[in-house]
Amino acid sequence: TFSISVSGLAQNTNSIYATAIDALGNTSISASSTIFVDSLAPNAPVITTNGGADYTTMNTTVALQGTCDADTNKILVNNSQTGVTYTAGNTTWSYAGTLSPGLNTFSVVAVDALNNTSNADSIKVTRDTNLPADPMINAVNTPTSNKTQVLSGTKATDALTINVTVQTATVGTVTYPNSTSWQVTL
């Protein structure tokens with residue numbers, strides 16, 4: 001037996017030939033083999049959640065979806081398959097995980113059957129744990145015989161929507177972006 005190290009193989013199919021030469025210079029019939037080289041990484045997967053744009057949420061969990069090439073063998077999110085749902089050969093994948101308070105970065109790569117790893121697509125998801133300040137209700141005329149009332153009050157500018165509830169039923173919802181006051185008719 002013999003062994004030899006071969007370098008400089010080209011991408012795709014390489015034909016390899018070996019011949020034996022004796023002391024008199026006689027050359028045997030060559031033996032042949034092929035070596036297929038695939039050192040090309042798959043294309044980067046694409047995160048389709050939120051159009052691939054970073055976003056902010058108050059949720060404690062994250063669900064990401066995306067696409068990849070059909071020659072992808074596995075999808076890794078932050079270098080792990082934990083939370084990834086993907087079957088080799090498919091062109092879609094999903095991921096479910098938890099969010100820590102603040103900024104969370106998710107980096108997604110595709111790996112082919114020969115462990116060639118793609119460039120990453122990434123998304124930043126910020127978990128916002130800051131609640132808006134409590135709204136204030138302006139003075140209300142009570143008691144009253146009028147079953148229709150106009151309620152008004154103030155709110156923090158980061159509070160976009162005010163829900164008004166009587167007993168256990170929501171009776172009014174108003175949206176006032178970039179305003180510190182609100183009003184709803186009941």
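Atoms CD1 and CG, from I47 and L64 in turn, are 6.0 Å apart once rounded to the nearest 0.5 Å. The distance from the CG atom of N43 to the CG atom of D69 is 4.0 Å, given to the nearest 0.5 Å. A distance of 10.0 Å separates CG of D71 from CG of L40, quoted to the nearest 0.5 Å. Remark: S33 OG to Y17 OH distance equals 10.0 Å, nearest 0.5 Å.
Between the side chain of W182 and the backbone N or O of I162 there is no donor-acceptor pair closer than 3.5 Å. One N or O on the side chain of D128 and one on the backbone of N130 form a donor-acceptor pair closer than 3.5 Å. T48 places a side-chain N or O within donor-acceptor distance of the main-chain N or O of Q65, the cut-off being under 3.5 Å. Of the possible polar contacts, none joining the N90 side chain to the T92 backbone as a donor-acceptor pair under 3.5 Å is found. No donor-acceptor pair closer than 3.5 Å links the side chain of T67 to the backbone N or O of T91. Proximity of a side-chain donor or acceptor of Q11 to a complementary backbone N or O of S39 within less than 3.5 Å is detected. A donor-acceptor pair under 3.5 Å is absent between the side-chain atoms of R127 and the main chain of S100, judged by distance alone. Of the possible polar contacts, one joining the D22 side chain to the G25 backbone as a donor-acceptor pair under 3.5 Å is found.
A single hydrophobic cluster is seen to contain both F106 and V84, as judged by linkage of ILVMFWY side chains at heavy-atom distances under 4.5 Å, directly or through other members.
Under the side-chain hydrogen bond (donor to acceptor under 3.5 Å, both in side chains) criterion, Q81 pairs with no residue at all, not counting sequence neighbours. For the side-chain hydrogen bond (donor to acceptor under 3.5 Å, both in side chains) test, residues two or more places apart in sequence or in another chain that qualify with N116 are D112. For N14, the side-chain hydrogen bond (donor to acceptor under 3.5 Å, both in side chains) test picks out no residue, with sequence neighbours left out.
No more than 12 heavy atoms of other residues, nucleotides or ligands sit less than 6.0 Å from atom CG of N119. Heavy-atom neighbours of I16 CD1 from other residues, nucleotides or ligands within 6.0 Å: above the threshold of 12. Counting heavy atoms of neighbouring residues, nucleotides and ligands inside a 6.0 Å radius, atom CG of D134 does not exceed 12 of them. Heavy-atom contacts from other residues, nucleotides or ligands closer than 6.0 Å to CE of M136 number 12 or fewer.
Counting Ile, Leu, Val, Met, Phe, Trp and Tyr side chains that sit under 4.5 Å apart, directly or through other members, I21 stands alone, with no cluster partners. L24 belongs to no hydrophobic cluster with other residues, because no ILVMFWY side-chain heavy atom falls under 4.5 Å from its own, directly or through intermediates.
Side-chain contact between Y95 and V108 is absent, with no heavy atoms from C-beta onward closer than 4.5 Å. Side-chain atoms of Y86 and S94, non-hydrogen and from C-beta on, never get closer than 4.5 Å to each other. Within the 4.5 Å cutoff, the side chain of S152 has no heavy atoms near those of the S181 side chain. The shortest side-chain heavy-atom distance between I4 and V6 falls under the 4.5 Å cut-off. Side-chain contact between V140 and L151: present, with at least one pair of heavy atoms (C-beta onward) separated by less than 4.5 Å. With a 4.5 Å cut-off on side-chain heavy atoms, T85 and W93 do not count as touching.
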Expected list for residues 73-80: side-chain donor-acceptor pairs under 3.5 angstrom, two or more places apart:
| from | atom 1 | to | atom 2 | distance (Å) |
| --- | --- | --- | --- | --- |
| N78 | OD1 | S107 | N | 2.8 |
| N78 | ND2 | T105 | O | 3.2 |
| S80 | OG | T82 | N | 3.0 |
| S80 | OG | T82 | OG1 | 3.1 |

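For the side-chain contact (heavy atoms from CB on, under 4.5 Å) criterion with T126, the lone passing option out of T57, L103, L99 is L103.
Heavy-atom minimum distance, P45 versus C68: CB-CB, 4.3 Å.
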